[in-house]
Protein chains: 2
Amino acid sequence: MTPDTHVDAETALDHAPAGHKDDLRLWLRMLSCARLIEAEIRRRLRARFDTTLPRFDFLAQLERAAEGLTPGEISRRMMVTGGNVTGLAARLEEEGLIERRAVREDRRAVTLRLTPQGRREFARQSAAHEEWVAELLGGLSATDRAALLRLLDRTRRGVRAAMSEGGA
Amino acid sequence: MTPDTHVDAETALDHAPAGHKDDLRLWLRMLSCARLIEAEIRRRLRARFDTTLPRFDFLAQLERAAEGLTPGEISRRMMVTGGNVTGLAARLEEEGLIERRAVREDRRAVTLRLTPQGRREFARQSAAHEEWVAELLGGLSATDRAALLRLLDRTRRGVRAAMSEGGA
DNA sequence: AGGAGATAGTTTAGGCTTCAAGTTTTCAAG
DNA sequence: CTTGAAAACTTGAAGCCTAAACTATCTCCT
């Protein structure tokens, strides 16, 4: 009945890959789950606001910074490269959603901030986005949500630890 | 002490967004967790094998199909567009990892399959990939892994259900 | 001051991805 | 047959993303 006993017997003979397959299964499931939700959100952003997830994330960063942010700071917060920020900023500025402003103390730098139009537009998108997520995750019980939140946090910390140990 | 009571009192006045913020938090945490792992795997694929995650996924699909697959079938399994498959296949063929073969019964179609070199190369990559995942997720206890697997499955089913209901 | 090295930002080349339009082939009626 | 719709695949344009090279500015040490 249980193929597990066979697999266990088999892998136990090798030199350690005990839970390796389980970890792989876990990772693939997490990935497919995240991609499923992400793809749906991208679809809806495009369909209803003619925008993209990176643009939305970009505006979200600026929304929380009343004084604006430099490209470098946005790059760090979004965990993308500087060149990427340059391109996104160019398109968002072109659309009138953000504006550039020179920094007095440092002539290399510039701050990006939302225009009034950008602020209005992001408010609309953000409200819809929040509802979409609630709709998609609505099937989960409060207990499951809490448990999942805790486990994901634990996972993330574990991954970071593993990365700073061996991955340097 | 607990801002929660304040938030609850506040949102309870609105017309329903009870757990909306919680759902958003849950989604953002899941996304950051998945992106963290994925980014690390991409980095390592590039650093050690000079390849990318889409290429790796592509080879993985072919590995499991002894008779090869058509671009259309790969497109469906990887959940990407046909044009995307065309481009990936062109580069992988160029590198000698896959080969094209005409389909006897349908002259529109073609099957893609691993070359011997592709099979060898994927075996190397796949073994490393499995170890990386185990390393990154290794911090989790067996109990946590099992719980997480179950919760993610539940989440995915819930999302699919929500998508087929309202999202049509 | 002057110059080495760090930092902020941009540019460039190339890969990934989608959408929309196009080609060739198949299939199903008529 | 033949004609029209559907299917398999490719192409082209545009956006996203990275790594690496480049420009301009700043900082700090002497």
Side-chain angles (χ1 to χ4, degrees), chain A residues 31 35-36 38-59 61 68-95 97-112, chain B residues 31 35-36 38-59 61 68-95 97-112:
Chain A
L31 187 60
R35 293 226 259 229
L36 183 65
E38 192 177 337
E40 180 65 13
I41 288 176
R42 284 180 195 269
R43 249 190 305 276
R44 294 186 184 191
L45 279 174
R46 181 177 302 273
R48 304 197 196 177
F49 297 112
D50 191 29
T51 190
T52 66
L53 192 49
R55 278 164 155 97
F56 176 77
D57 288 343
F58 196 115
L59 297 182
Q61 293 300 332
L69 293 172
T70 63
E73 188 54 36
I74 293 174
S75 165
R76 280 184 286 277
R77 296 193 188 191
M78 289 181 69
M79 306 213 301
V80 298
T81 61
N84 193 351
V85 170
T86 299
L88 284 167
R91 286 181 286 268
L92 289 170
E93 188 182 15
E94 163 78 20
E95 295 172 15
L97 300 180
I98 70 173
E99 65 183 0
R100 314 168 71 80
R101 192 172 300 192
V103 170
R104 191 175 300 275
E105 323 84 54
D106 187 343
R107 273 189 303 175
R108 296 169 303 179
V110 66
T111 61
L112 306 175
Chain B
L31 187 59
R35 293 226 258 228
L36 183 66
E38 192 176 337
E40 180 65 13
I41 289 176
R42 284 180 195 268
R43 250 190 302 276
R44 295 187 183 190
L45 279 174
R46 180 176 304 272
R48 305 198 196 177
F49 297 111
D50 190 30
T51 190
T52 66
L53 191 51
R55 278 164 153 98
F56 175 78
D57 288 345
F58 196 114
L59 296 183
Q61 293 300 330
L69 293 172
T70 64
E73 189 54 35
I74 293 174
S75 165
R76 279 183 287 278
R77 296 194 190 189
M78 290 181 67
M79 305 215 301
V80 298
T81 60
N84 194 349
V85 170
T86 299
L88 284 168
R91 286 182 286 268
L92 289 171
E93 187 182 15
E94 164 78 19
E95 294 170 18
L97 300 180
I98 70 174
E99 65 183 359
R100 314 167 70 80
R101 191 171 301 193
V103 171
R104 189 176 302 275
E105 323 85 54
D106 187 343
R107 275 189 301 176
R108 294 170 304 179
V110 66
T111 61
L112 306 174

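Heavy-atom basis, side chains included; hydrogens, waters and symmetry copies ignored. Letters A, B, ... are given to chains in the order of the sequence lines, protein chains preceding strands, and every chain is numbered from 1.
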> Considering heavy-atom distances to DNA chain D, does B:T70 or A:G82 have its closest nucleotide positioned more toward the 5' end?
Replying inline: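 Mapping each residue to its closest nucleotide by heavy atoms, the 5'-most match is B:T70.
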Atom pair distance, as rounded to whole Å: [atom1] in [X] and [atom2] in [N]:
X      : N      : atom1 : atom2 : result
B:R107 : C:dC27 : CZ    : P     : 11 Å
B:E38  : D:dT18 : CD    : C1'   : 14 Å
A:L88  : C:dT11 : CG    : C1'   : 15 Å
B:R44  : D:dT18 : CZ    : P     : 18 Å
B:R43  : D:dT18 : CZ    : C1'   : 12 Å
B:E105 : D:dA8  : CD    : C1'   : 14 Å
A:L69  : C:dA8  : CG    : C1'   : 14 Å
B:L112 : D:dA8  : CG    : C1'   : 12 Å

Looking at [options], which one has an atom nearest to any side-chain atom of [X]?
X     : options               : answer
B:P71 : D:dC9, D:dT18, C:dT11 : D:dC9
B:R91 : C:dA8, D:dT10, C:dC16 : C:dC16
B:T86 : C:dG9, D:dT10, D:dA19 : D:dT10

Side chain to side chain donor-acceptor pair (under 3.5 Å) partners of [X], counting only residues at least two apart:
X      : result
B:R100 : none
A:E95  : A:R55
B:D106 : B:R108
B:R46  : none

> Among pairs that include at least one residue of residues 76-90 of chain B, which meet salt bridge (Lys or Arg N to Asp or Glu O under 4.0 Å), considering only residues two or more places apart or in two chains?
Replying inline: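 Sorted pair list: B:E73-B:R76, B:E73-B:R77.
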> Among all residues two or more places apart in sequence or in another chain, which pass the salt bridge (Lys or Arg N to Asp or Glu O under 4.0 Å) test with B:R107?
Replying inline: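 Partners of B:R107 by the salt bridge (Lys or Arg N to Asp or Glu O under 4.0 Å) criterion come out as none, since no residue qualifies.
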> What residues form a salt bridge (Lys or Arg N to Asp or Glu O under 4.0 Å) with A:E99, not counting sequence neighbours?
Replying inline: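 Per chain and number, A:E99 pairs via salt bridge (Lys or Arg N to Asp or Glu O under 4.0 Å) with A:R101.
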>> With a 4.5 Å cut-off on side-chain heavy atoms, are B:L97 and B:F58 touching?
In response: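 No. Closest side-chain heavy atoms not under 4.5 Å.
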Which pairs would a plain distance check flag for residues 79-94 of chain A, meaning a side-chain donor or acceptor within less than 3.5 Å of a matching protein atom at least two apart in sequence or in another chain?
unit_1 : atom_1 : unit_2 : atom_2 : d
A:T81  : OG1    : A:N84  : N      : 3.4
A:T86  : OG1    : A:G82  : O      : 3.3

>> Please compare B:G83 and A:V103 by the position of their nearest nucleotide in DNA chain C and report the one closer to 5'.
In response: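 Its nearest nucleotide lies further toward 5', so the answer is A:V103.
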> Taking the nucleotide of DNA chain C with the closest heavy atom to each, which residue, B:R42 or A:V85, is nearer the 5' end?
Replying inline: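 Closest to the 5' end, via its nearest nucleotide, is A:V85.
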>> Just verifying a value: how many Å separate A:T111 OG1 and A:L69 CG, rounded to the nearest 0.5 Å?
In response: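 Result: 8.5 Å between the selected atoms.
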>> Between B:N84 and C:dT18, is there a contact of a side-chain N or O with OP1 or OP2 at under 4.0 Å?
In response: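 True: B:N84 side-chain N/O within range (under 4.0 Å) of C:dT18 OP1/OP2.
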>> Does D:dA8 have its OP1 or OP2 closer than 4.0 Å to a side-chain nitrogen or oxygen of B:R100?
In response: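 For D:dA8, neither OP1 nor OP2 has a side-chain N or O of B:R100 closer than 4.0 Å.
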> Could you run down nucleotides 1-7 of chain C 5' to 3' and tag each one B, S or - for protein heavy-atom contact under 4.0 Å?
Replying inline: ------B
>> Can you list everything that forms a side-chain contact (heavy atoms from CB on, under 4.5 Å) with A:L53? Sequence neighbours excluded, please.
In response: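 Here the qualifying residues are A:E38, A:I41, A:R42, A:L45, A:F56, A:D57.
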> For DNA chain D, which residues in residues 49-58 of chain A have a heavy atom at a distance below 4.0 Å?
Replying inline: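 Nucleic-acid contacts, sorted: A:T52, A:P54, A:R55.
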>> Can you give me the bend angle of the helix from C:dA1-D:dT30 to C:dG30-D:dC1? Use the axis through the first five pairs and the one through the last five, nearest 10 degrees.
In response: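 About 0°, once rounded to a multiple of 10°.
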